[in-house]
Amino acid sequence: MSDNTRFTLKESDLPKAWYNINADLPFPPAPVLHPATMEPVTPDFLGVLFPMELILQEISTERYIDIPEEVREIYKLWRPTPLIRARRLEKALGTPAHIYYKHEGVSPVGSHKPNTAVAQAFYNKAAGTQALTTETGAGQWGSALSFAGALFEIPIEVYMVRVSYNQKPYRRIMMETYGGEVYASPSDRTNFGRSLLAENPEHTGSLGIAISEAVEAAAVSGGAKKYSIGSALGHVLLHQTVIGEEALLQMDKADEYPDVVIGCVGGGSNFAGLAYPFVHKNLREGKRARIVAVEPTATPSITKGVYTFDYGDTAKMAPIIKMHTLGHAFVPPPIHAGGLRYHGMAPSLSGLVNSGHIEAISVPQLATFEAALTFARSEGLIPAPESAHAIRAAIDEALDAKAKGEKRVILFNLSGIGTLDLGSYQSYLAGKLQDYEYPAEAVAEAMLTLPKVNLPG
Ligand SMILES: Cc1ncc(COP(=O)(O)O)c(C=O)c1O
């Protein structure tokens, strides 16, 4: 075991390939269905939204997919990211556990999101895409894609959930600084947005609605614009595995191997990015790390949602996928400040929870912010509220190890920093946040609106 606190890698250690979980899934992938016909989608349908290289990655079963050299060169602006042993947090908790975190907040935009934004912009540029449309919630993803668009000279059109657009001007300014065009969603730029505004001019929006608008904007562009997604789909998770591939090398340097690997989950991308290379070791090399996905009790897609076919967006324009879902019409409760608001979950991750290879837990908002403060006051970094869910779970593991007198090696993903989320911290510090349990009845009701899928077998 090493005495170091930071475990860094050389630029030349930057992984040359992403790890593709499709090669190792212990179950057959569920088909992706057309939202209108409910038949398996064709590449033609997906081709309206995505360049062919990304569609091929979505279905590839090659275990490793080369990272294009141009993407690796850009990754070098912030990668390899450090792995840090949280010695001061360990001390504050008085735990015998060893806590490590992978610091993805060192990217130019402050989160893991550019790992896929840069890759998606690269493949779109190569395919001749003239502009990209996307959705963003709090703005982390929109800023990552705007940054990538600036590098590849692709205009970026971002539909930002209206409530965040109004409450979080700094992320919008960041996107605009990179050259992104940002619209509050629902907007008057799309048929779907206009129909919602006609019903309710004060509509605050949701991620599902913003996805619908971004998909519509690409679909009606006659091929000029494509759509880019920040999480949930296979190619996005694939690009994020650069995180875990580096972490494997760094844990080797620390001369330890994690007993438990933890990440927060919105659509699943930062979690899968860190965890899938360790899942690979579990599935193929006899390792036994526990793999834990953490979500908020306010948006519990895995722990309270149902594993079934559902639309990826609210307007039912995006493909239907088999996943854990709270229902495509889900709008997060307004008292929830902690991010992670998507109604569904990545299909591979949903399947791996269902098959027992990944554990899922949910943590309440107040305990999450409490953990964020403990972390900030010992390690110095103010985490993104999303990442604080992983910190909560890591602290709980460390306290459990302490209670049992066990040495436990804990690895979690610090998916981003929270310096542009200080409004949420302000609400927490002022005692204005509450815990919220998403009601089981709301899930049951939403299940009545699921697509009626009729598949053989
Ligand atoms: C910092 C940070 N962490 C985590 C997430 C959740 O997304 P995902 O589950 O795709 O990693 C987000 C989403 O915007 C984020 O900004």
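When a ligand or atom number is given, it counts from 1 through the structure's own listing order. Model, not experiment: these values are computed from the prediction.
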Next item on the list: Would you confirm whether T134, through its side chain, and S228, through its main-chain N or O, come within 3.5 Å as a donor-acceptor pair?
Entry: yes
Notebook entry, point to check: Non-hydrogen atoms of E104 versus ligand 1: any pair closer than 4.0 Å?
Noted result: no
Notebook entry, point to check: Stepwise, does the side chain to side chain contact (heavy atoms under 4.5 Å, CB included) test hold for L207 with V161?
Noted result: CA-CA 6 Å; L207 209 48; V161 178; 4.1 Å; yes
Checklist line | Side-chain donor or acceptor of E245 paired with backbone N/O of P277 under 3.5 Å | finding: no
Margin query: Determine whether a donor-acceptor pair (N or O, by modelled atom type, separation under 3.5 Å) exists between the side chain of K102 and the backbone of T81.
Written below: yes
Note to self: Within the structure, is a non-hydrogen atom of H112 found at a distance of less than 4.0 Å from ligand 1?
What the structure shows: yes
Notebook entry, point to check: Would you say the side-chain atoms of Y276 pair up with the backbone N or O of L349, donor to acceptor, closer than 3.5 Å?
Noted result: yes
Next item on the list: Answer yes or no on whether R63 is positioned over the face of Y19, meaning its NZ or CZ is under 6.0 Å from the six-membered ring centre and within 45° of the axis.
Entry: no
Next item on the list: Give the numbers and elements of all ligand 1 atoms closer than 4.0 Å to a heavy atom of V265.
Entry: 9 (O)
Check: What part of A384 sits under 4.0 Å from ligand 1 if we count only heavy atoms: the side chain, the backbone, both or neither?
Finding: side chain
Margin query: In this structure, does ligand 1 have an atom that sits under 4.0 Å from one of the heavy atoms of G268?
Written below: yes
Item checked: Polar side-chain atom of S387 near backbone of P383 as donor-acceptor pair, under 3.5 Å -> no
Next item on the list: Say whether W141, considering both its backbone and side-chain N or O atoms, lies within less than 3.5 Å of an N or O atom on ligand 1.
Entry: no
Item checked: Per-residue contact class, L340 against ligand 1 - non-hydrogen pairs under 4.0 Å -> side chain
Item checked: Which residue and heavy atom of the protein sit nearest atom 3 (N) of ligand 1, plus the separation -> S415 OG, 2.7 Å
Next item on the list: Number the atoms of ligand 1 from 1 as they appear, then name those within less than 4.0 Å of a heavy atom of Q140, with their elements.
Entry: 1 (C), 16 (O)
Margin query: Closer than 4.0 Å to some heavy atom of C264 - which atoms of ligand 1 meet that?
Written below: 4 (C)
Note to self: Among all the protein's non-hydrogen atoms, which is closest to atom 9 (O) of ligand 1, and how far away is it?
What the structure shows: G266 N, 2.6 Å
Margin query: Test of understanding: given a 4.0 Å heavy-atom threshold, classify the contact between N270 and ligand 1 as side chain, backbone, both, or neither.
Written below: both
Margin query: For atom 10 (O) of ligand 1, what's the nearest protein heavy-atom neighbour? Residue, atom name and distance, please.
Written below: S231 OG, 2.5 Å
Notebook entry, point to check: Evaluating non-hydrogen atoms only, which member of R341, E295, R171, K113 is closest to atom 13 (C) of ligand 1?
Noted result: K113
Margin query: Salt bridge or not between E370 and R392? Use side-chain N to carboxylate O under 4.0 Å.
Written below: yes
Margin query: Checking side-chain polar atoms at under 3.5 Å, does Y183 have a donor or acceptor matched by the opposite partner on E213?
Written below: no
